[in-house]
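Below is one structure; the comments refer to it alone.
Just so it is clear, the structure is predicted and the values come from calculations on it, not from any experiment.
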Amino acid sequence: MQLSPARENQVSQAVLVTEIQVGIAELKVAGHPDRLITFSLGSCVGVSLYDPFTRVGGLIHIMLPDSTQFNTVTKPAKFADLGIPLLLSEIRRYGARSANLQAKLAGGAQMFSGSNEKFELNIGMRNATMARQTLKKLGIKILAAELGGNRGRTMILDTVSGQVFIRTAGSQLKVI
């Protein structure tokens, strides 16, 4: 059986796509047609940056909002205030232009609730707020966000289209 040219193109493109995992407190950059994926965004926030002209994208998995609360920082990607500027620097090394960048955010959930004071820290909301502030300082426009709630998410950046897919347990796949 012979495939039509359109179907053959789809099959060959599907084979060449690499899915690159971004771990907790990590950042990675990739060009088309690859995809960047990060799992387990609970109170953590995923921030994607994408240049639609060069089709270069980057993704960071942020755990905490502010590095100034710590004496020693060994993983800058762990923090919104240090990691997002670092992601910007890395994505520019791959040819993306700052003026073209579009940001998308996901995560920032409140995973635990209760009357106990330790649950009142609301790390998710603080991560989201610091991510937004840092992006604003850097002059990067936020195109979409899927933040809050009380469930974990998986975030996938497609460098071909710039679409971000959000997988949440018990919900249908969402595109932002």
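- For Phe70, the ring pair (Phe, Tyr, Trp, His ring centres under 6.0 Å) criterion is met by Phe79, not counting sequence neighbours.
- Using a 4.5 Å cut-off between side-chain heavy atoms of Ile, Leu, Val, Met, Phe, Trp and Tyr, with links allowed through other members, Ile156 and Ile176 fall into different hydrophobic clusters.
- A heavy-atom distance below 4.5 Å is found between the side chains of Thr134 and Pro85.
- Rounded to the nearest 0.5 angstrom, Gln102 CD and Leu143 CG are separated by 4.5 Å.
- With sequence neighbours excluded, the residues forming a salt bridge (charged side-chain N to carboxylate O under 4.0 Å, His left out) with Lys174 are Glu146, listed by chain and number.
- Counting all heavy atoms, side chain and backbone alike, Val160 lies closest to Pro33 at CG2-CA, 3.5 Å.
- In this structure a side-chain-to-backbone donor-acceptor pair under 3.5 Å is present from Arg151 to Ala169.
- Side-chain contact between Met130 and Asp66 is present, with at least one heavy-atom pair separated by less than 4.5 Å.
- Here Phe53 is tied to no hydrophobic group at all, with no ILVMFWY side chain closer than 4.5 Å.
- Listed by first and then second residue, the side chain to side chain donor-acceptor pair (under 3.5 Å) pairs that reach into residues 71-89 are Ser67-Asp81, sequence neighbours excluded.
- Here the closest non-hydrogen pair linking Asp51 and Ala96 is OD2-CA, 3.4 Å.
- Under the side-chain contact (heavy atoms from CB on, under 4.5 Å) criterion, Ser40 pairs with no residue, sequence neighbours left out.
- Cluster membership for Met63 and Leu82, using ILVMFWY side-chain heavy atoms within less than 4.5 angstrom, is shared.
- Partners of Lys141 according to the side chain to side chain donor-acceptor pair (under 3.5 Å) rule, which considers only residues two or more places apart in sequence or in another chain, do not exist here.
- For Thr129, the side chain to side chain donor-acceptor pair (under 3.5 Å) criterion is met by no residue, not counting sequence neighbours.
- Taking SG from Cys44 and CZ from Phe39, the interatomic distance works out to 14.5 Å, rounded to the nearest 0.5 Å.
- Side-chain N or O atoms of Asn122 include one that pairs as donor or acceptor with a backbone N or O of Met125 at under 3.5 Å.
- When hydrophobic residues (I, L, V, M, F, W, Y) are linked wherever their side-chain heavy atoms come within less than 4.5 Å, the members clustered with Ile140 are Leu27, Val29, Val45, Val47, Leu49, Val56, Ile60, Ile62, Ile84, Leu86, Leu87, Leu88, Ile91, Tyr94, Leu101, Leu105, Leu135, Leu138, Ile142, Leu147.
- The minimum heavy-atom distance between Ala80 and Ala131, with the atom names listed, is CB-N, 4.1 Å.
- Nearest heavy atoms, Gly95 versus Thr54: O-CG2, 3.4 Å.
- A distance of 11.5 Å separates CD in Glu26 from CG in Leu36, rounded to the nearest 0.5 Å.
- Note that the OG1 atom of Thr18 and the CG atom of Asp34 stand 4.5 Å from one another [nearest 0.5 Å].
- Note: Ile166 CD1 to Leu41 CG = 7.5 Å, rounded to the nearest 0.5 Å.
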- Message: side chain to side chain donor-acceptor pair (under 3.5 Å), that's the test. Do Arg126 and Ser43 meet it? Break it down for me.
- Response: CA-CA 9 Å; Arg126 292 173 44 214; Ser43 61; over 6 Å; no

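- Nearest heavy-atom pair across Ala106 and Arg153 is CB-CD, 4.5 Å.
- Applying the ring pair (Phe, Tyr, Trp, His ring centres under 6.0 Å) definition to pairs two or more places apart or across chains, none involves residues 121-167.
- Partners of Glu90 under the side chain to side chain donor-acceptor pair (under 3.5 Å) rule, at least two apart in sequence or in another chain, are Arg93.
- Considering only residues two or more places apart in sequence or on other chains, Glu19 meets the side-chain contact (heavy atoms from CB on, under 4.5 Å) condition with Arg35, Ile37.
- Side chain of Asn127 to backbone of Gly108: no donor-acceptor contact under 3.5 angstrom is found.
- Thr38 is linked by a side chain to side chain donor-acceptor pair (under 3.5 Å) to His61, counting only residues two or more places apart in sequence or in another chain.
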